[in-house]
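Everything on this sheet refers to the single structure shown next.
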Number of protein chains: 4
Amino acid sequence: MNNQSATKEKIFQAALSLFNSKGFSGTSMREIAKAAGVNVSTIFYYFDDKKGLLKECFVTFFEEYLNILEKGINQLENADPSIILKDVIHQLLDYQYRNYQLSRFVCREVSIDSQIVRETMTTYFRKERFFLQTLIETGTEAGVFRKVPSGIVVIQLKGMLNQPFLNSIYSAEVWNIYFQERYYIDQYKKQLENWVDLYLCNTKAIPLEEVIS
Amino acid sequence: MNNQSATKEKIFQAALSLFNSKGFSGTSMREIAKAAGVNVSTIFYYFDDKKGLLKECFVTFFEEYLNILEKGINQLENADPSIILKDVIHQLLDYQYRNYQLSRFVCREVSIDSQIVRETMTTYFRKERFFLQTLIETGTEAGVFRKVPSGIVVIQLKGMLNQPFLNSIYSAEVWNIYFQERYYIDQYKKQLENWVDLYLCNTKAIPLEEVIS
Amino acid sequence: MNNQSATKEKIFQAALSLFNSKGFSGTSMREIAKAAGVNVSTIFYYFDDKKGLLKECFVTFFEEYLNILEKGINQLENADPSIILKDVIHQLLDYQYRNYQLSRFVCREVSIDSQIVRETMTTYFRKERFFLQTLIETGTEAGVFRKVPSGIVVIQLKGMLNQPFLNSIYSAEVWNIYFQERYYIDQYKKQLENWVDLYLCNTKAIPLEEVIS
Amino acid sequence: MNNQSATKEKIFQAALSLFNSKGFSGTSMREIAKAAGVNVSTIFYYFDDKKGLLKECFVTFFEEYLNILEKGINQLENADPSIILKDVIHQLLDYQYRNYQLSRFVCREVSIDSQIVRETMTTYFRKERFFLQTLIETGTEAGVFRKVPSGIVVIQLKGMLNQPFLNSIYSAEVWNIYFQERYYIDQYKKQLENWVDLYLCNTKAIPLEEVIS
DNA sequence: AATGAATGAGAGTTCATTCAT
DNA sequence: GATGAATGAACTCTCATTCAT
């Protein structure tokens, strides 16, 4: 993405993968080094300390994440809010699908009450709030969406957006639904579109032709 | 709850609170001992090892959680599935509201790929799947719910149910929504009922009189 | 001395010996553990951290050191200051002779500009100053000592008192003078008594019968 | 001093200052590099390794130090040994005054029992012994000094010479005596001259006109 | 029922040092 | 002449855990 050294990128990917499956605290620097095929010291050379790796994860994730939201907002003037919301949902799911390791990890780690989370996330969350709130409230004002409490609905939406990636193991092992595959993500996306139509706009239901049990 | 010794309960509560805010791996036995006001060895006396504490958290959480689901299923023969689903949602939210520390922690930790999670959770999740799937599919067969892919919808529902507790800090700091307070949980509950009515049953929208911004 | 556990004492002695010869920063916890025949963790169990060991050294050294000075002061009313000063010199040399490792280390480490030195030593040095200044100035007021600038003279005296232990290796290898042996300490003591008589009191020189080259 | 490159000198000064306040082992190459404003590798380029820096300190210090002593010896044939001794004392104090960081550091580090100290210092100390012993014993043979054990007295003298610089912090904070200032060094020098007159030669005391408390 | 002493393994981090450029 | 990338070894310190009491 950025022109970091190849070594730095290698380390970052290794860290990501391990953080994802074992958690931040549950992953040791030595494990990362081994997975990245470098010496432990090299990690410190590039990321200063373990927190540096965490920060990089957060920054990387939110950069594009917020970009997607911002682009959606910028199109609000010319288009139907419900269509834009669907498009944003589409792109966010797609982004998380493409970066499912990062997404899961960030989504989980963010719920831990550490100093670094507070420091790093505050700005991001403020921006995200602005974008989502604008999106919902513009739709309501335009008469496209029902009158809903935006905060509550955003939390609801975020829950739905994250769940597939947060508990992909659960989905896979319990429901045989694999969100690493396009097919299931598309299925999920369709339901969220239904959510917009039925729950938010309260229009007619889209007839479901292909339905998986 | 059960007639454990007061010491054991004290330890469990201390562990819970710390696991909740710092994560399982991020919490040390010493910290727990200090918070509980006992010697480290005492924890081992009661819980065998650190995993024992984790297991206790899972067991405690799912005992009542599954109870709620089971009771719902048992009433399915005599009542409207949509009403039962709403009632189950109501009780699950209420349960998590009463045990928000436990809920948040379990919900987060479950997404970590450790041996102990796999071992402990498999049975619980199988049961949960059976209950939720039955609930949704009975409703569909009875013509009360739209035709929906049950797995996808359950994952969607679970996301919405967990989100308030998983990221309570986010809700509080970013949206000023405090799910430790009845008011906000009731607001949230109302929206999930709307979700059942509008999204699942596709009936008319319930007019919203009281709406928070 | 105090009723610490035998293990703690063992560790302290090992640390002392290593600090003495290799310096504080130059000594590793592992080396100490190995020398003491305990596990590294045990050191932390007793002394919290490495600084804890340093502090213990300072405290141990100055406890008796200041005791000697205090006793001297208490006798000032009834006796000739020059005799008391000689006695104090005698006892200080003797104390350092008995604890030469500790003395050397403390004396050297004290000259390092670290936070812990400042914190720990301030009180001790204030007390020491009070005692030594009182000793010198009482003698001057009594007309026993020449009129001398007390600060300057105390620094001079301290230099003479420490040198044998500070650079015992120098003394041994360069001059074949071994201050671990009574004989040489007694020789040195005699010269310091001469210093009191000739330099401070300016009386006749004591005729030297036994002189080593 | 010598025509080394400016960079080398910059590094040396930075190292000196850090060694002085934190000790040799307590100072890292990175700290030195940072303080000198160069890359770590540059230090290795100029000094080979960390020991190289230490050696340079020793060499630099003793070069002029021994020069002073040698010049004193060379004048012994034509002048009163007591006057020469006083002059040597004067010049040594002055030299240490001008290079107080180096002096303090060398004086302290020399008491550490490391291979490099032994290797580097042996020659210097042998020379120093020869000069000081000759000085004292010539004076004694000439009947100018009392009959004293030269080794003991030299150690005594060295203690007095070093103390002001070894523990300059002690002097400053405890006694408000700042040996970085001419005034106090002159005061101290005067007392060492008294020491020569009264203790070594046993002549009348020099009347003290200006005396600081 | 509960504790203090003690441990081995491993944590994150820093060390002095090298080498290609 | 000077540097940035990379390393292996060692650092201090904390981890979960055991065992005798």
Side-chain angles (χ1 to χ4, degrees), chain A residues 4-8 10-11 24-33 36-53, chain B residues 4-8 10-11 24-33 36-53, chain C residues 4-8 10-11 24-33 36-53, chain D residues 4-8 10-11 24-33 36-53:
Chain A
Q4 307 165 337
S5 90
T7 306
K8 188 173 183 184
K10 223 168 41 177
I11 294 170
F24 177 71
S25 292
T27 304
S28 83
M29 298 299 272
R30 281 190 178 82
E31 282 176 298
I32 299 171
V38 299
N39 189 281
V40 204
S41 324
T42 310
I43 309 183
F44 288 89
Y45 179 74
Y46 281 108
F47 295 91
D48 287 349
D49 54 11
K50 204 184 176 189
K51 283 181 185 173
L53 272 169
Chain B
Q4 306 164 338
S5 90
T7 304
K8 186 172 183 183
K10 220 167 44 178
I11 294 169
F24 177 70
S25 290
T27 304
S28 79
M29 298 298 270
R30 269 193 202 145
E31 283 175 299
I32 299 171
V38 300
N39 188 285
V40 202
S41 316
T42 310
I43 309 183
F44 287 89
Y45 177 76
Y46 281 111
F47 295 91
D48 288 352
D49 55 9
K50 203 185 175 188
K51 285 180 184 173
L53 273 169
Chain C
Q4 308 165 336
S5 89
T7 306
K8 188 173 182 182
K10 222 167 42 179
I11 294 169
F24 177 70
S25 292
T27 303
S28 82
M29 297 300 269
R30 276 197 184 90
E31 285 175 298
I32 299 172
V38 299
N39 189 283
V40 201
S41 322
T42 311
I43 309 183
F44 290 90
Y45 178 75
Y46 281 108
F47 294 92
D48 289 348
D49 54 11
K50 206 185 174 187
K51 284 180 185 173
L53 273 169
Chain D
Q4 305 165 340
S5 90
T7 305
K8 186 172 183 184
K10 221 168 42 178
I11 294 170
F24 177 70
S25 291
T27 304
S28 79
M29 297 299 270
R30 270 194 202 143
E31 283 175 298
I32 299 171
V38 299
N39 188 284
V40 203
S41 317
T42 311
I43 309 183
F44 287 89
Y45 177 76
Y46 281 110
F47 295 92
D48 288 351
D49 54 10
K50 204 185 175 189
K51 283 180 185 173
L53 273 168

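When reading the values below, keep in mind they use all heavy atoms of this one structure, side chains included, and skip hydrogens, waters and symmetry mates. Small disclaimer: the values here were computed from a predicted structure and weren't measured. Quick note on labels: first sequence line is chain A, next is B, and so on, each numbered from 1.
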Could you pull out all residues at least two apart from [X] that satisfy side-chain hydrogen bond (donor to acceptor under 3.5 Å, both in side chains)?
{"X": "D48(D)", "value": "none"}
{"X": "Y46(D)", "value": "S5(D)"}
{"X": "D49(C)", "value": "none"}
{"X": "S25(D)", "value": "none"}

Length of the line joining [X]:[atom1] and [N]:[atom2], which is rounded to integer Å:
{"X": "Y45(C)", "N": "dT7(E)", "atom1": "OH", "atom2": "C1'", "answer": "12 Å"}
{"X": "I32(D)", "N": "dT17(E)", "atom1": "CD1", "atom2": "C1'", "answer": "13 Å"}
{"X": "I43(B)", "N": "dC15(F)", "atom1": "CD1", "atom2": "P", "answer": "12 Å"}
{"X": "K10(C)", "N": "dA5(E)", "atom1": "NZ", "atom2": "P", "answer": "14 Å"}

Check: Got a minute to check which stems DNA chain E is part of, using Watson-Crick or G-U wobble pairs under 3.5 Å, three or more consecutive?
Finding: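 Consecutive-pair runs (3 or more) involving DNA chain E: E:2-21 with F:2-21.
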Rounded distance [0.5 Å steps], [atom1] in [X] versus [atom2] in [Y]:
{"X": "I43(B)", "Y": "K8(B)", "atom1": "CD1", "atom2": "NZ", "result": "12.5 Å"}
{"X": "K50(C)", "Y": "L53(C)", "atom1": "NZ", "atom2": "CG", "result": "9.0 Å"}
{"X": "I32(A)", "Y": "K10(A)", "atom1": "CD1", "atom2": "NZ", "result": "14.0 Å"}

Check: Looking at F24(A), is K51(A) sitting on its ring face, NZ or CZ under 6.0 Å from the six-membered ring centre and within 45 degrees of the normal?
Finding: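 The answer is no, since K51(A) fails at least one limit relative to F24(A).
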Margin query: With a 4.0 Å cutoff (strictly under), does any side-chain N or O of Y46(B) reach OP1 or OP2 of dA2(E)?
Written below: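 Yes, Y46(B) has a side-chain N/O under 4.0 Å of OP1/OP2 on dA2(E).
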Nucleotide N/O to protein N/O under 3.5 Å, stretch nucleotides 11-15 of chain E:
unit_1  : atom_1 : unit_2 : atom_2 : d
dA11(E) : OP1    : S28(A) : OG     : 3.4
dA11(E) : N7     : R30(A) : NH1    : 3.4
dG12(E) : OP1    : T27(A) : O      : 3.3
dG12(E) : OP1    : K50(A) : NZ     : 2.8
dG12(E) : OP2    : M29(A) : N      : 2.7
dG12(E) : N7     : R30(A) : NH1    : 3.3
dG12(E) : O6     : R30(A) : NH2    : 3.0
dT13(E) : OP2    : K50(A) : N      : 2.9
dT14(E) : O4     : S41(A) : OG     : 3.4

